[in-house]
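Only one structure is covered here, and it is reproduced in the block below.
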Amino acid sequence: MTALSPHRDGAIDLVRALCIIGVVTLHALMVGVTVSPAGPVFENAGETGVWLIPVSWMLQVMPLFFVIGGFSGATALRARLLRGDSPTAFVAARVRRLLVPAVAAVGTAGVLLALLRDAGVSTELVGIAGYRFGQPLWFLGVFLLCQALLPVMLRLHALAPLRSLAALAGAALAVDIVRAATGVDAVGFVNLAFVWLALQQGGFLLADGRIDALSARTRVRIGLTALALLVVSFALGLHSPDLIANINPPTTALLLVGVVHTMAFSLLRPQLARIAERRDATAVVRFVSARAMTIYLWHMPVLLTLAGLTALTPIVANAPLPAPASAEWWLSRPLWLASAFTLTALLAVPLSRLETSRPVPVSTSAARAVAATALGVAGVVLLLVVGTSPLTASVAIGCWLAALRLAGAGAASRAVISAVPAAAPRSSAAVAGQAKYSS
């Protein structure tokens, strides 16, 4: 396989692919299955010991993913503007790119949940399956919102790059303070906007070359300062040392993680670019990059299926299951992870056609783009708040199909229906060099 296109940033593509792999790995490690006299028990293996804390330090990559998303989004939008496209067309294209594969995934999940219910599986187990499936969907809603706001946020960045970032970070800190003072955790969900938008704004700085322009010593100092603040916040009890716990709702700890990761990425960027040129790395990056959203949406159904099959082991093989976090459990994780990655990859090959299909005309109406984004986010919120069930899946899909039609992707939405089972800017030359980032 040939090297990546010279029009793309190999280091960015490599890190984005590694972020997706890291998310799948983390979620796979958190699946715990045991069998009690009452039947199968599906639990969060991360709650069985302190092992998740160091693992979360290595695999909590969402802050970096949003920084990379800001870099890629800014690059793609600037390239569109140079071609004469409108910011609204960018937003409409993003709506389509994110929601088309989501319709297929959630539609299939709704059908499978209905089949489990009709087959006599307990309501509790069906509810757990729906809950576990829906948990990762927060990313879909937040990323859609951040990308839809990207034209506005990029304009603010052009006017006041540091002040706009500081304002978002300050707002996130204020939310944390109010949450701590009142003891109302629900307040923290306001940071679903401030935290992730701030990290996206950091990606704009990376796209401008401002971060790479700093001396290596300055970048090291910034990264170490953020790391020290993070450790101090753990010691004072301001943030949980489990970085997974800091994501629901998000806290300012994720901003510090994002700073550490961004500085590390900037310092290691030349080495990462060289790694990205290797044949094996290129193959992995190409595969994951073309199927990123498909992999994200479908890895949880794969994990749930594996968990269900694992629960049958004591019945079929008459062998007890190891307790999560036990030595025997850890010895079985390589096979578990290999199975999860293999099945997800095999599933992503045919399903990725929904994600990579030929672009269709998109709307240039700002009102339609806003309405499409609102419907897209509303569908996700419904699944997260009420839970994923055959009914809520149907309603969410209805919202998303309406969003796709508003975005001008009516043809794409009809194709999805048939696939679902029934039931400060850089110079023009620099921007043009990145013009092939997906939109």
### Task
Check the pair Arg16, Asp9 against salt bridge (Lys or Arg N to Asp or Glu O under 4.0 Å), reporting the backbone distance first and the verdict last.
CA-CA 11 Å; Arg16 179 166 44 199; Asp9 188 308; over 6 Å; no

### Query
Can you check whether Arg291 reaches Leu351 side chain to side chain, under 4.5 Å on heavy atoms?
no

### Query
Taking the side chain from Thr342 and the backbone from Ser339, do they hold a donor-acceptor pair closer than 3.5 Å?
no

### Task
Locate the shortest heavy-atom distance separating Ile275 from Ala281; write the atom from each residue and the value.
O-CB, 3.2 Å

### Query
With distance as the sole test, does Arg368 use its side chain to make a donor-acceptor pair with the main-chain N or O of Arg405 at under 3.5 Å?
yes

### Residue pair Leu303 / Trp336, side-chain heavy-atom distance below 4.5 Å
yes

### Query
Regarding Asn246 and Ser240, is there a side-chain donor-to-acceptor distance under 3.5 Å anywhere?
no

### Any side-chain heavy-atom pair of Val67 and Phe265 under 4.5 Å
no

### Query
Taking C-beta and beyond as the side chain, do Leu254 and Trp196 meet within less than 4.5 Å on heavy atoms?
yes

### Query
When rounded to the nearest 0.5 angstrom, what is the spacing between CZ in Phe204 and OG1 in Thr75?
10.0 Å

### Task
For the pair Tyr296 (side chain) and Val23 (backbone), establish whether a donor and an acceptor sit closer than 3.5 Å, ignoring hydrogens and angles.
no

#### Entry: Member of Trp330, Trp329, Trp51 meeting the side-chain contact (heavy atoms from CB on, under 4.5 Å) criterion with Pro324
Trp329

### Query
For the side chain of Gln201 and the backbone of Met153, is there at least one donor-acceptor N/O pair under 3.5 Å apart?
yes

### Query
Rounded to the nearest 0.5 Å, what separation is found between the CD1 atom of Ile247 and the CG atom of Leu192?
9.5 Å

#### Entry: Between Thr252 and Asp176: side-chain donor-acceptor atoms closer than 3.5 Å
yes

### Query
For Ile244 and Leu26, which heavy atoms make the closest approach, and how far apart are they?
CD1-CD2, 3.1 Å

### Message
Donor-acceptor pair, distance only, cut-off 3.5 Å: does the side chain of Ser233 make one with the backbone of Leu230?
### Response
yes

### Query
CZ of Phe194 to CG of Leu199: how many Å apart, nearest 0.5 Å?
13.5 Å

### Query
Does CZ in Phe341 sit with more than 12 non-hydrogen atoms of other residues, nucleotides or ligands closer than 6.0 Å?
yes

### Message
Side chains of Val284 and Leu14, heavy atoms from C-beta outward: is any pair under 4.5 Å?
### Response
no

### Task
Decide if atom CZ of Arg221 counts as having more than 12 heavy atoms of other residues, nucleotides or ligands within a radius under 6.0 Å.
no

### Message
Go through it in stages, so that I can follow the logic: the residues are Ile12 and Leu206, the test is side chain to side chain contact (heavy atoms under 4.5 Å, CB included), and I'd like the CA-CA distance, side-chain angles, deciding distance and then a yes or no.
### Response
CA-CA 10 Å; Ile12 290 288; Leu206 193 63; 4.2 Å; yes

### Message
Tell me if a side-chain donor or acceptor on Asn191 pairs with a main-chain N or O of Ala172 at a distance below 3.5 Å.
### Response
yes

### Message
Can you tell me how far apart CG (Leu18) and CG (Leu59) are? Round to the nearest 0.5 Å.
### Response
11.0 Å

### Query
Side chains of Thr251 and Arg179: does their closest heavy-atom pair fall under 4.5 Å?
yes

### Query
Which atoms form the tightest heavy-atom contact between Ala198 and Ala169, and what is the distance?
CB-N, 4.3 Å

### Message
If you define the side chain from C-beta out and look only at heavy atoms, does anything of His27 sit under 4.5 Å from Met300?
### Response
yes

### Query
Looking only at heavy atoms, which two atoms of Ala403 and Gly376 are closest? And how far apart?
CB-N, 4.2 Å

### Query
Atom CG in Asn44, atom CZ in Arg132: separation rounded to 0.5 Å?
5.5 Å

### Task
Kindly give the heavy-atom pair with the smallest separation between Phe133 and Ala105, and that separation in Å.
CZ-O, 4.0 Å

### Thr108 side-chain N/O to Ala104 backbone N/O, donor-acceptor pair under 3.5 Å
yes

### Query
Nearest 0.5 Å, what's the OG1-CG distance between Thr344 and Leu297?
11.5 Å

### Message
Is it the case that the side chain of Thr262 and the backbone of Leu64 share a donor-acceptor pair, with hydrogens and angles ignored and the cut-off at 3.5 Å?
### Response
no

### Message
Can a donor-acceptor pair be found, under 3.5 Å and without considering hydrogens, that links the side chain of Gln200 to the backbone of Cys146?
### Response
yes

### Task
Taking all heavy atoms of Val106 and all of Ile397, pick out the closest pair and write down the distance.
C-CD1, 4.1 Å

### Message
Below 30° counts as parallel, above 60° as perpendicular, anything between as tilted: where do the rings of Phe234 and Trp57 land?
### Response
parallel

### Message
Let's go through Leu81 and Leu77 carefully: what are the C-alpha distance in whole Å and the side-chain angles of both, what is the deciding distance for side chain to side chain contact (heavy atoms under 4.5 Å, CB included) to 0.1 Å, and is it a yes or a no?
### Response
CA-CA 6 Å; Leu81 295 178; Leu77 176 57; 4.2 Å; yes

### Under 3.5 Å donor-acceptor, Ser352 side chain and Val349 backbone
yes

### Query
With a 4.5 Å heavy-atom cut-off, do Val24 and Val302 have their side chains touching?
no

### Task
For Phe90 and Asp85, run side chain to side chain contact (heavy atoms under 4.5 Å, CB included): C-alpha distance rounded to whole Å, both residues' side-chain angles, the deciding distance at 0.1 Å, then the answer.
CA-CA 8 Å; Phe90 168 86; Asp85 290 345; over 6 Å; no

### Task
List the steps and the verdict of side chain to side chain contact (heavy atoms under 4.5 Å, CB included) for Val95 and Gln147.
CA-CA 9 Å; Val95 168; Gln147 291 287 289; over 6 Å; no

